[in-house]
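Letters go in sequence order (proteins before strands), and every chain restarts at 1.
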2 protein chains.
Amino acid sequence: MIITLSIDCMGGDHGSAVTIPAAISFLKHEPEAFLILVGLEDELSAELKRLKADTHPRITVQHASEVVTMDDPIEVALRRKKDSSMRVAVELVKDGKAKACVSAGNTGALMAVSRYVLKTMQGVDRPAICSIMPNQKNGPTYMLDLGANVDCEPHHLHQFAVMGSVLFSAMEGTARPTIGLLNVGTEEIKGNEVVKATARLLQQDHARGLLNFYGNVEGNDIFKGTTDVVVCDGFVGNVTLKASEGLGRFMKDVLNTEFRRNPLTMLGALIARGAMRRIKDRFNPSRYNGASLLGLRGLVFKSHGGADSYSFEWAIKRAFDAAKYNVQEQLSTMIGELMPCTPERAAADTATPGSTI
Amino acid sequence: MIITLSIDCMGGDHGSAVTIPAAISFLKHEPEAFLILVGLEDELSAELKRLKADTHPRITVQHASEVVTMDDPIEVALRRKKDSSMRVAVELVKDGKAKACVSAGNTGALMAVSRYVLKTMQGVDRPAICSIMPNQKNGPTYMLDLGANVDCEPHHLHQFAVMGSVLFSAMEGTARPTIGLLNVGTEEIKGNEVVKATARLLQQDHARGLLNFYGNVEGNDIFKGTTDVVVCDGFVGNVTLKASEGLGRFMKDVLNTEFRRNPLTMLGALIARGAMRRIKDRFNPSRYNGASLLGLRGLVFKSHGGADSYSFEWAIKRAFDAAKYNVQEQLSTMIGELMPCTPERAAADTATPGSTI
């Protein structure tokens with residue numbers, strides 16, 4: 001089955017110097033993939049030529065005359081740069097020329113442009129950002145929302161749960177993934193009113209056999225792997241994600257410093273290099289790169305802005321898998337079953353996309 | 001200067017088996033400290049005798065006939081067990097017989113009992129829980145609230161900032177500690193309405209020279225040590241704290257597993273044991289044990305429920321330092337300068353303590 005993806009080659013801190021090598025490497029591993037590389041044609045062609053891939057049979061270059069920078073306000077990305085590589089890449093999904101799009105551009109801009117171009121799905125009020133955290137069971141914990149929605153009502157969190165469940169199920173091949181609701185304690189009486197009301201909605205779905213709701217989970221459960229999916233609002237999710245990234249970086253630095261401190265510790269690290277490598281692999285954030293923007297009428301994946309080529313390739317792979325496993329169609333089906341079309345959603349459909357990020 | 005502390009010896013997962021050895025060890029290091037050990041007299045006496053400390057000149061035993069268990073609902077701790085070791089230990093602070101109290105009992109119960117017995121400080125609407133996180137600058141990041149208040153208004157977060165600033169200043173000897181407001185981005189336009197309004201309050205104090213407000217910080221800044229104090233609501237704080245603890249435990253497990261995997265990695269770890277020890281020391285949660293319940297009319301410190309004796313001793317030390325550095329008096333002074341008495345506070349003063357935990 002041939003799957004075409006569009007790649008915003010200008011996004012991220014490093015632009016085409018990272019995105020194009022990643023694209024070429026990805027095509028080597030994935031013979032069924034076709035890529036449309038979007039950006040400044042001259043720059044992309046030069047980079048492709050440099051890497052001897054200018055005649056690659058599965059690469060097309062699509063010119064876009066503008067670039068959304070990492071600092072551009074959402075308004076600029078949305079209203080001024082109408083021929084940005086980001087926007088053109090998303091439009092290719094809308095036009096059915098690509099099954100999914102990948103960008104390392106700034107999250108707020110990508111979400112706003114995607115909402116504007118693709119619109120939200122029927123039955124979804126607000127798209128959410130879903131990413132993967134590693135856990136002690138050696139599996140992935142899917143967590144959402146990670147920053148698209150800083151203020152959430154219970155029905156938003158409810159929709160996040162449904163979308164997270166579908167994504168996990170499709171990507172990991174698990175029939176009824178468990179859903180945890182992030183809270184300050186596991187007992188039902190814990191938490192704020194929004195979380196308590198969300199729990200009631202999820203319990204109803206669970207009783208009807210539609211969702212596999214585990215109950216409340218706490219911060220440590222993300223890494224324990226207590227549930228497959230962890231649901232929270234974008235404020236809590238974003239802070240938790242960044243705190244975890246920060247702690248991970250801190251620990252890596254301490255590990256490096258201590259093992260390089262003197263000849264003896266260096267010798268120890270050399271002898272135990274197998275252990276050192278496995279530890280680094282286990283927590284390598286590159287392996288988890290590629291967040292889904294869920295709830296749009298098309299698949300959009302966001303890579304870390306600072307991703308290197310290896311890491312960006314993971315984001316492409318995740319987008320490819322989502323297309324291959326028909327995540328979009330499965331989302332439509334399940335949301336259609338579960339979610340009535342709310343007035344808020346109907347209004348959002350016609351209004352300008354929000355800038356909650 | 002002689003300082004007397006009261007210790008709830010029955011609290012926590014291990015009770016007197018942990019608290020009494022910790023108390024004895026602490027007294028060895030701190031010749032100016034006196035301790036009142038509170039709990040079931042027979043049990044405490046037997047444990048003291050076993051440890052040959054039954055005639056210690058700086059230990060007094062205060063009998064309390066009941067014990068608040070880790071699972072007791074707040075209502076039980078508050079209304080039924082009126083002679084609990086937890087409550088008696090807090091009452092000793094109220095009566096001026098102890099300068100601070102330490103308990104490893106359950107957080108919700110300890111906060112409720114402390115609010116009921118001690119009342120909140122003039123000018124403070126809600127007490128908060130403040131704890132220490134390690135950071136890359138090899139210093140402490142003070143973070144609050146960590147779970148006492150799951151729903152916060154801007155003036156609550158404002159008060160947390162003031163209390164955190166005073167605590168940091170007194171404990172660490174820093175004149176104008178920097179205050180960061182936890183948010184999903186550093187720009188002023190980021191975040192929800194509560195956080196934006198809080199930023200405005202903190203900016204006003206900064207302009208008046210009363211607080212050293214740095215601005216918004218993100219999750220990773222906690223571990224970078226960008227600011228001395230990080231302020232957030234209790235929902236975000238609790239989730240972040242527990243997620244960080246969970247990730248820390250996960251990493252420790254992977255480190256242990258990988259270095260014990262085979263004779264070669266074990267040899268490497270043996271040779272580099274200096275590095276292994278320093279890494280473990282650096283992230284040893286015991287060193288950060290002892291959270292302050294701030295904003296009460298007396299000093300109360302909460303130890304982790306699962307603390308071992310070494311860890312519980314750290315909590316005692318933190319309470320001792322807070323008493324020594326006159327944290328309570330400094331809090332009163334600064335809060336008095338900054339905070340007008342709000343109607344909410346006046347009402348809270350007479351009402352039953354809340355059970356937001």
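Counting non-hydrogen atoms of neighbouring residues, nucleotides and ligands closer than 6.0 angstrom, the NZ atom of A:Lys196 exceeds 12 such neighbours.
Heavy atoms closer than 4.5 Å to chain A are found in the side chain of B:Val195, but not in its backbone. Contact annotation for B:Asn135: only backbone heavy atoms (N, CA, C, O) come within less than 4.5 Å of a heavy atom of chain A. There is no contact between A:Asp221 and chain B, counting heavy-atom distances below 4.5 Å.
In this structure, the separation between CZ on A:Phe223 and CE on B:Met251 is 8.0 Å, given to the nearest 0.5 Å. Expressed to the nearest 0.5 Å, how far CZ of A:Arg282 lies from CG of B:Leu255 amounts to 12.0 Å. Atoms CG and CD1, from B:Leu264 and A:Ile271 in turn, are 6.5 Å apart once rounded to the nearest 0.5 Å.
The most heavy-atom pairs under 4.5 Å with chain A, out of B:Arg249, B:Arg260, B:Arg261, come from B:Arg261. In terms of heavy-atom pairs under 4.5 Å with chain A, the best-connected choice from B:Gly185, B:Pro134, B:Cys232, B:Gly234 is B:Pro134. With respect to chain A, the highest number of heavy-atom pairs below 4.5 Å among B:Ser244, B:Gly248, B:Gly237, B:Gly219 belongs to B:Gly219. When each of B:Glu187, B:Glu218, B:Met133 is checked for heavy-atom pairs under 4.5 Å with chain A, B:Glu218 comes out on top. Annotation: maximal heavy-atom pairing with chain B below 4.5 Å, among A:Thr257, A:Ile222, A:Asn183, A:Leu241, occurs at A:Asn183. Counting heavy-atom pairs under 4.5 Å between each of A:Leu267, A:Leu270, A:Val194, A:Val239 and chain B puts A:Val239 at the top.
Tested against A:Val184, the residues B:Val150, B:Leu146, B:Val236 include a single side-chain contact (heavy atoms from CB on, under 4.5 Å) partner, B:Val150. Residue B:Gln136 is tested with A:Val254, A:Leu247, A:Asp253 for a side-chain contact (heavy atoms from CB on, under 4.5 Å); the sole match is A:Asp253.
Between A:Phe259 and B:Met276 the shortest side-chain heavy-atom distance falls below 4.5 Å. When side chains are defined from C-beta on, A:Leu182 does not count as touching B:Lys242, because their heavy atoms never get closer than 4.5 Å. Using a 4.5 Å cut-off on side-chain heavy atoms (C-beta onward), A:Glu245 and B:Asn220 make no contact.
Not counting sequence neighbours, B:Arg273 has no partner by the salt bridge (charged side-chain N to carboxylate O under 4.0 Å, His left out) test.
Side chain of A:Lys224 to backbone of B:Gly246: no donor-acceptor contact under 3.5 angstrom is found.
Between B:Phe250 and A:Phe283, the gap from one ring centroid to the other is short of 6.0 Å.
The nearest pair of heavy atoms linking A:Gly268 to B:Ala272 is CA-CB, 3.9 Å.
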